[in-house]
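Reading through the structure tokens given below for one structure.
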There are 4 protein chains.
Amino acid sequence: MPKVGMEPIRRAALVKATIEEIGQAGSLDITVSQIARRAGMSSALAHHYFGGKDQIFLAAMRHTLAVYAAQVRGALMMAEDPQARLEAIVRASFSGQNFRPEVIAAWLNFYVLAQHSPNAMRLLRVYHKRLKSNLSHALRPLVGERAPMVADRIAALLDGVYLHRSLGEGPPEGAAGAEQVLGYARLEMERG
Amino acid sequence: MPKVGMEPIRRAALVKATIEEIGQAGSLDITVSQIARRAGMSSALAHHYFGGKDQIFLAAMRHTLAVYAAQVRGALMMAEDPQARLEAIVRASFSGQNFRPEVIAAWLNFYVLAQHSPNAMRLLRVYHKRLKSNLSHALRPLVGERAPMVADRIAALLDGVYLHRSLGEGPPEGAAGAEQVLGYARLEMERG
Amino acid sequence: MPKVGMEPIRRAALVKATIEEIGQAGSLDITVSQIARRAGMSSALAHHYFGGKDQIFLAAMRHTLAVYAAQVRGALMMAEDPQARLEAIVRASFSGQNFRPEVIAAWLNFYVLAQHSPNAMRLLRVYHKRLKSNLSHALRPLVGERAPMVADRIAALLDGVYLHRSLGEGPPEGAAGAEQVLGYARLEMERG
Amino acid sequence: MPKVGMEPIRRAALVKATIEEIGQAGSLDITVSQIARRAGMSSALAHHYFGGKDQIFLAAMRHTLAVYAAQVRGALMMAEDPQARLEAIVRASFSGQNFRPEVIAAWLNFYVLAQHSPNAMRLLRVYHKRLKSNLSHALRPLVGERAPMVADRIAALLDGVYLHRSLGEGPPEGAAGAEQVLGYARLEMERG
DNA sequence: AATGAATGAGGATTCATTCAT
DNA sequence: GATGAATGAATCCTCATTCAT
């Protein structure tokens with residue numbers, strides 16, 4: 001009985017395990033064996049499916065970014081006015097899927113990964129471009145031509161809050177994080 | 001060349017080399033040998049003076065934080081009113097000593113180090129506490145009781161801008177970074 | 001189906017190689033690489049199967065002790081009266097399996113190992129306890145209540161003869177060693 | 001003020017420290033630095049005086065053997081008849097100077113050292129020869145021509161008791177050890 | 001598809017030894 | 001006489017990766 005169609009299952013399991021492992025270790029200094037064990041398979045199989053450690057990391061990163069993008073897309077679809085669109089983007093960043101300790105740690109480490117992996121760098125840049133584009137678009141009706149600059153600041157603030165969370169004790173509170181960012185946004189809107 | 005009193009010289013050379021090496025590699029994944037070679041000595045001597053890799057990293061981190069703290073202190077001494085104090089803190093963060101690519105990369109990696117090194121975590125928390133305390137103090141006359149919250153946001157924005165810089169191409173422009181942060185601060189001040 | 005069942009083979013080969021290597025070097029100052037090379041594999045594999053140098057040593061010790069115990073047990077089964085039992089124990093100690101130069105050297109070094117390895121110490125104490133128990137049991141009908149004391153002396157004499165052999169030139173002669181010990185035993189028996 | 005005549009003091013301190021260090025570690029696996037530190041000097045100086053680690057070990061061994069020999073000589077001078085001579089030799093072996101845990105451990109390790117150091121081997125053989133000669137001489141009037149054989153056994157028993165002590169818990173009791181050996185000797189004498 | 005077996009390459013760390021002062 | 005400085009040469013151990021089955 002040949003097992004068919006295992007590939008997507010295995011890959012998904014490995015990606016999930018990778019994020020968890022990075023989250024737990026707090027660094028990229030984890031072994032393929034650890035990942036594979038957590039995913040319930042041999043390290044040889046992990047190599048078989050991904051070709052190498054780098055590609056496992058990249059897949060995990062791609063997945064994290066994709067989940068995030070999907071959440072933003074979903075939230076945007078619900079939003080009916082600019083203000084709501086803005087809040088949707090920010091809130092999605094702090095939603096339960098993303099703002100968990102292990103995802104935060106993984107996120108931080110993806111920035112590190114990007115420092116020596118051109119592929120990771122490219123992924124991160126694409127993410128940034130989309131984020132800023134989304135923000136800018138939502139902001140245009142609210143702050144006029146200051147939109148790109150405000151988008152930049154919001155994006156930076158967003159990552160900054162994430163970064164600070166990585167030092168925090170206790171479980172991260174998404175709502176508080178979102179408010180920290182939205183507070184700034186409202187200030188800009190008041191200014192008009 | 002004297003054969004005594006080398007210790008401080010060697011230690012300083014190793015710390016400098018460590019920061020450069022982390023900066024160049026973009027990660028903590030560097031060898032003691034690399035560091036030692038860059039510092040012009042054998043890896044055995046590096047171990048002799050620091051006891052181990054972890055302590056070399058910690059020393060590099062301590063040094064980075066100390067340089068930063070010294071800059072802030074120096075800038076604060078020049079400042080004569082609250083507004084100037086605020087600008088001093090922010091500008092020091094983006095001054096030539098700190099806002100260089102290798103230091104930015106090192107900074108990012110110290111956040112990673114803090115994820116698994118309690119000592120590194122402690123250092124980073126102390127740095128944060130001081131930064132927020134400094135900011136809060138300067139902000140009090142400017143924004144009243146909103147000071148702690150604004151200080152939090154500024155601190156986050158500061159780190160966020162640094163983080164984004166780690167993805168940027170070309171040399172980092174300190175002035176632009178400082179403006180990005182101060183722009184937000186002014187908004188809060190206008191609100192009063 | 002992968003290549004399976006190598007583990008016991010590899011472990012046995014490593015244990016054997018360890019004893020030989022200790023015997024040849026005359027000390028525990030041997031490298032895992034030497035052992036592995038002699039056993040026909042990479043040092044990495046040795047670590048894979050044993051976890052570390054200490055455990056390789058312990059396994060070698062356990063094996064040596066087990067072989068010895070098995071020999072004694074075997075000899076005891078043949079013996080039909082107390083005198084024969086006593087001789088069986090002593091002669092087994094000097095049988096071809098045990099009284100070879102490399103085993104003698106290994107034995108000596110296991111005593112050293114026991115000085116800093118609690119596990120080795122425990123193994124050696126168990127061996128001693130069994131040896132004395134065996135001797136005492138065999139001696140009871142021969143020397144009465146002096147049995148425990150005589151057992152102690154025989155055990156000490158036994159190890160002493162081994163120790164002296166480790167200094168001897170030429171091949172060790174088991175028969176002579178056995179006689180040296182049994183001579184004392186007979187003296188005690190004559191006394192009744 | 002030039003320090004003159006330091007050499008014998010330094011050498012003695014190093015020898016003493018070596019024995020203590022071996023005793024504490026329970027093996028020869030100690031560093032020159034440890035020895036030198038315990039002796040209150042730099043490792044460079046230790047090398048200066050002895051030339052190398054091997055020679056430090058040899059000196060420590062020579063010293064241990066010399067102390068032992070001196071004790072035996074001293075005790076023999078007091079003895080007035082063969083029986084007393086015999087007891088003197090045995091009791092000296094278990095006297096306070098020799099039968100201390102660290103000396104026992106050192107002794108054991110000298111046997112190991114002899115396995116790969118021809119010089120150590122030679123020293124140990126000389127010691128053995130003297131011991132047996134002394135014993136044989138004392139035994140001749142007591143057991144006649146069995147003297148050499150009995151001397152052999154006593155020597156072996158002596159080392160065996162030492163060896164067993166190295167596994168013992170608690171402080172070694174010299175008197176008990178001596179009795180264990182002398183008990184055998186008396187048996188032989190009774191036989192005549 | 002899946003994995004136990006196997007290793008080469010590399011890295012942190014230790015240490016005896018040498019040297020300049 | 002004495003030592004801090006310095007290193008080359010190990011040694012243990014880890015791990016990504018490959019291979020045979």
Please report, rounded to the nearest Å, how far the [atom2] atom of [N] is from the [atom1] atom of [X].
X	N	atom1	atom2	answer
C/M41	E/dT7	CE	P	8 Å
A/L28	F/dC15	CG	C1'	16 Å
D/R10	F/dT3	CZ	C1'	11 Å
A/I35	E/dT3	CD1	P	16 Å
C/I9	E/dA5	CD1	P	10 Å
C/Q55	F/dC12	CD	C1'	13 Å
C/E7	E/dT3	CD	P	17 Å
A/L14	E/dA1	CG	C1'	14 Å

Under 3.5 Å: donor-acceptor pair, side chain of [X], backbone of [Y]:
X	Y	result
A/Q115	B/S166	yes
C/R10	C/A46	no
A/H116	B/A25	yes

Those residues that, when tested against A/N119, pass side-chain contact (heavy atoms from CB on, under 4.5 Å) (two or more places apart): A/L58, A/S117, A/R122
Test side-chain hydrogen bond (donor to acceptor under 3.5 Å, both in side chains) applied to B/Y68 - qualifying residues, sequence neighbours left out: B/S93
Pairs touching residues 49-66 of chain C that satisfy side chain to side chain donor-acceptor pair (under 3.5 Å), sequence neighbours left out: none
For a quick test of your reading: what N or O donor-acceptor pairs under 3.5 Å do the side chains of residues 30-41 of chain C make, sequence neighbours left out?
unit_1: C/T31; atom_1: OG1; unit_2: C/S33; atom_2: N; d: 3.4
unit_1: C/T31; atom_1: OG1; unit_2: C/Q34; atom_2: N; d: 2.9
unit_1: C/R38; atom_1: NE; unit_2: C/E21; atom_2: OE1; d: 2.4
unit_1: C/R38; atom_1: NH1; unit_2: C/E20; atom_2: OE1; d: 3.2
unit_1: C/R38; atom_1: NH2; unit_2: C/E21; atom_2: OE1; d: 3.1
unit_1: C/R38; atom_1: NH2; unit_2: C/Q24; atom_2: OE1; d: 2.7

Nucleotide pairing, DNA chain F (Watson-Crick or G-U, distances under 3.5 Å), in dot-bracket with [ ] and |: .||||||||||||||||||||
For nucleotides 15-19 of chain E, print each protein N/O atom paired with a nucleotide N/O atom at under 3.5 Å, atom names and distance only.
unit_1: E/dA16; atom_1: OP1; unit_2: D/K53; atom_2: NZ; d: 3.0
unit_1: E/dA16; atom_1: OP2; unit_2: D/V32; atom_2: N; d: 3.0
unit_1: E/dT17; atom_1: OP2; unit_2: D/H47; atom_2: NE2; d: 2.9
unit_1: E/dT17; atom_1: OP2; unit_2: D/K53; atom_2: N; d: 3.0

Sugar-phosphate only, base, or nothing, as touched by B/Y49 at under 4.0 Å among non-hydrogen atoms: sugar-phosphate
Whichever of C/H48 and B/H48 has its nearest DNA chain F nucleotide further upstream toward 5': B/H48
